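Everything quoted here is computed from the prediction, not taken from an experiment.
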Amino acid sequence: MANSSGPTRERWGTRIGLILAAAGNAIGIGNLLRFPSQAAQNGGGAFMIPYIVSLLLFGLPMMWVAWTVGRMGGRWGHGTTPGIFDRLAGGRPWAKYLGVIGVALPMVFVLYYAYIEAWCLGYSWFSFRGAYSDPSVDLRTFYNEFLGNATTSNYFSGVGVALLFMLITLALNVWILYRGIQGGIELLAKIAIPLLMVFCLVLGVRVLTLGQIKGTVADGLNFLWTPHLDRLLDFNVWMAAAGQIFFTLSIGFGSLECYGSYLKEDDDIALTGLTTASLNEFVEVIFGSMIAIPAAAVYYGAGQVEAIAKSGGYAIGMVSMPEILRGIGGVEVFGSMWFLLLFFAAFTSSVAVAQPVMSFLQDEARLSRAASAAVLGLLWLLGSVPVVFFYRYGSLDEMDFWSGTIGLVVFAIFEVVLFAWVFGIDRGWQEMNRGAQIRIPVVFRFIIRWVTPAALVAIFAGWFFPATMNGSLIASPKLYWGVIDAGSIGGRVTEHLPERGSLEEARLKKIEERFARAVTKAGRDLRAWANVTLNPAAPPAVDSVGGDPELLAEFGRRDLQEWLAARGLRFEPEEGSPSRSVALSLAIEGRYRETAIWMTRIVMLGFLFGFGVMVWAIWLRRSAGEDRA
């Protein structure tokens, strides 16, 4: 078993540096993009009920537990959960393998999170150059083609540009991690977090003063906060709320434990944890609510907000905000500001979440900082391959689901049980309040021991068993469409999806199920094209269709016409132009996702297994007396 001897570990330079670094860990694009999307898709205002409950029962208790566990780990010479859990459990063999999750999860998380970070950097450059300032640029198509997710190639011919920005982002992350705690992470936080707050304030004020165009700010706020109380009985909503709290506070990644390991023995964690959580929640609930969704309502209209929210949280920031920015003018300034805001938010979070891997390689594998950074960079580069090249098949969403929601809850269950029941709540509570500048309310002692583990298990079970029985974990095919030569039609094509639970939605699902069966039967992507007329006062008319015979045998012209009508395709001419019919060509694609999704799952399991083998080898070597920590 490891003891506390060994090389002197790094420490935080200043208290303000610690608080800003902890805030940078928590504050990320999840606050500004993921939160409003999660709220919009999970009951609107009703989502805040499970959200606040999750904050009180999971967020604050687990933040204090993580800081406490990390500070003890630093005293024992460990900065990651394999070594910390081993000591917490008194050397029980199984504990260190549970701790492997706290290294594998952050590794998987940064694979896809850095790619989102790269989008923000890329869009900052596009904004500076005015690449999308022309109103003829269809921003949804621009975004999807940039990521290789479109059926067309109007603006980008592949993922080469996105890959370039990914490589730049990866290099910046590894460089900061190589510089260490004080010279890298803490210094970055001191620069990035104040800038982030200023950018949030400027953009928030600008959005609130937009006035009315196709909608109002109030329309967006009403959409976001109107409570749909029937959703409170849905375990998926509670799982989403718990996952968002864990995601936004960086709980379950192992990063808080790692940060805590660089504290001194009597450094306060009670006030630090509360301050970090409060600052994060302020940014998330206030700025996360007042920028992206209200802006989308102003420029797209209230009827389009739901379609944008359903298209994914990241699309809100990458589609609706550029539309606003070019509408108000000054894309080069405000666009660069918005996307640098997102980049800084993501950058401070990604280095924080990657730090447990660095610490594991340094503390447990005994590699130098330079060697640890090189190994991490190589793993990061190789693991990012499916994220970039299989993005169009849902690889990023798959990683986000397992490591950004489910994995966090599972890891938290193991950690709180280990802390409160194996290590013992009496010793744990005493350690938690050591050096505290405020006393943690005693009710949290009861919550940590009884309520948090029981509620987490109940929510996970309520999600897991239905999910395994209803087929929601199966990677079924998906159907996509795009406008060929979108810049020449003098406007844009929009979708108006049916309301949740309506007969139109049920009809749409049946049509898409038939299409999915054709793709599944073929076992590969199927493509088609169609000449379509969009009329202002009539459903879309499909004039002709062609494509793969396997697709057309199951999904003919009439089926395609019904599908386009169910999705509510409409043509919106450029501002100032009269309403009119338009003839255009659509590229349609059904993607066979099963192979790509299973390859993504194998990559995730590979990291879990690989770090597990490393832990086994390291502890075996220690037991033989070759390396005493």
Side-chain angles (χ1 to χ4, degrees), residues 1-6 9 58 61-62 64-107 251-258 260-261 265 269 356-357 359-366 406-432 434 445 448-454 456-457 460-461 605 607-629:
M1 183 188 303
N3 56 40
S4 58
S5 64
R9 304 187 80 250
F58 311 139
M62 289 306 303
W64 282 320
V65 167
W67 279 105
T68 304
V69 165
R71 189 175 62 179
M72 287 191 293
R75 189 164 69 238
W76 297 327
H78 299 288
T80 51
T81 50
I84 297 173
F85 282 13
D86 183 48
R87 290 296 296 266
L88 279 177
R92 292 177 174 87
W94 49 264
K96 59 182 175 289
Y97 295 111
L98 290 182
V100 169
I101 302 174
V103 180
L105 270 186
M107 185 72 250
I251 294 169
F253 289 116
S255 57
L256 291 177
E257 292 84 349
C258 188
S261 73
E265 185 172 350
I269 56 176
V357 184
S359 185
F360 175 79
L361 295 172
Q362 291 179 267
D363 295 343
E364 309 299 353
R366 292 290 187 258
I406 303 303
L408 306 187
V409 175
V410 171
F411 180 77
I413 292 172
F414 292 149
E415 184 173 36
V416 73
V417 169
L418 188 60
F419 177 82
W421 290 93
V422 179
F423 182 72
I425 192 63
D426 293 334
R427 287 194 293 168
W429 186 255
Q430 182 180 0
E431 182 69 32
M432 189 177 291
R434 179 197 294 268
R445 176 190 172 106
I448 289 169
R449 189 179 189 189
W450 296 100
V451 180
T452 300
L456 283 174
V457 170
F460 178 76
L605 290 173
F607 278 113
L608 184 64
F609 178 76
F611 283 119
V613 170
M614 289 181 66
V615 166
W616 170 79
I618 289 168
W619 261 256
L620 182 65
R621 184 178 61 187
R622 289 178 183 172
S623 66
E626 297 177 16
D627 178 24
R628 294 289 181 183

Euclidean distance, [Y] [atom2] relative to [X] [atom1], rounded to 0.5 Å:
| X | Y | atom1 | atom2 | result |
| --- | --- | --- | --- | --- |
| Leu88 | Glu415 | CG | CD | 8.0 Å |
| Asp86 | Thr81 | CG | OG1 | 11.0 Å |
| Phe360 | Ile618 | CZ | CD1 | 4.0 Å |
| Phe423 | Arg87 | CZ | CZ | 10.0 Å |
| Phe419 | Ile84 | CZ | CD1 | 12.0 Å |
| Arg92 | Leu98 | CZ | CG | 12.0 Å |

Taking C-beta and beyond as the side chain, do [X] and [Y] meet within less than 4.5 Å on heavy atoms?
| X | Y | answer |
| --- | --- | --- |
| Asp426 | Arg445 | yes |
| Met614 | Val103 | no |
| Val416 | Pro61 | no |
| Phe58 | Val409 | no |
| Ile413 | Val457 | yes |

**Full working for side-chain contact (heavy atoms from CB on, under 4.5 Å) between Leu408 and Ile251** = CA-CA 7 Å; Leu408 306 187; Ile251 294 169; over 6 Å; no
Write down the atom of [X], the atom of [Y], and the distance for their closest heavy-atom approach.
| X | Y | value |
| --- | --- | --- |
| Ile425 | Arg449 | CG2-CD, 3.9 Å |
| Pro356 | Gly102 | CB-O, 4.1 Å |
| Gly252 | Leu105 | O-CD1, 3.5 Å |
| Pro453 | Val417 | CB-CG2, 4.1 Å |
| Met62 | Ala412 | CE-O, 3.9 Å |
| Thr80 | Ser359 | CG2-CB, 3.9 Å |

**Asked** Got more than 12 heavy atoms from elsewhere within 6.0 Å of CH2, Trp616?
**Response**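 Atom CH2 in Trp616 is not packed in, count stays at 12 or less.
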**Request:** Report yes or no: does Trp67 contribute a side-chain atom to a donor-acceptor pair with the main-chain N or O of Leu256 at less than 3.5 Å?
**Result:**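 No, Trp67 side chain to Leu256 backbone: no donor-acceptor pair under 3.5 Å.
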**Request:** Answer yes or no: is there a donor N or O on one side and an acceptor on the other, between the side chain of Arg427 and the main chain of Gly424, under 3.5 Å?
**Result:**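 No: the side chain of Arg427 does not pair with the backbone of Gly424.
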**Prompt:** Given the side-chain rings of Phe85 and Phe411, with only the six-membered ring counted for Trp, is the space between their centroids under 6.0 Å?
**Reply:**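 Distance test on ring centres: under 6.0 Å, yes.
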**Message:** One pair to check against side-chain contact (heavy atoms from CB on, under 4.5 Å): Ile406 and Phe460. What are the steps and the verdict?
**Reply:** CA-CA 8 Å; Ile406 303 303; Phe460 178 76; 3.8 Å; yes
**Item:** Listed partners of Arg434 passing salt bridge (Lys or Arg N to Asp or Glu O under 4.0 Å), at least two apart
**Value:**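 By the salt bridge (Lys or Arg N to Asp or Glu O under 4.0 Å) rule, Arg434 matches Glu265, Asp266, Glu431.
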**Asked** Taking NZ, NE, NH1 and NH2 as the nitrogens, is one of them in Glu364 or Arg621 under 4.0 Å from a carboxylate oxygen of the other?
**Response**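 Looking at Arg621 together with Glu364, the answer is no, because their closest N to O distance does not fall below 4.0 Å.
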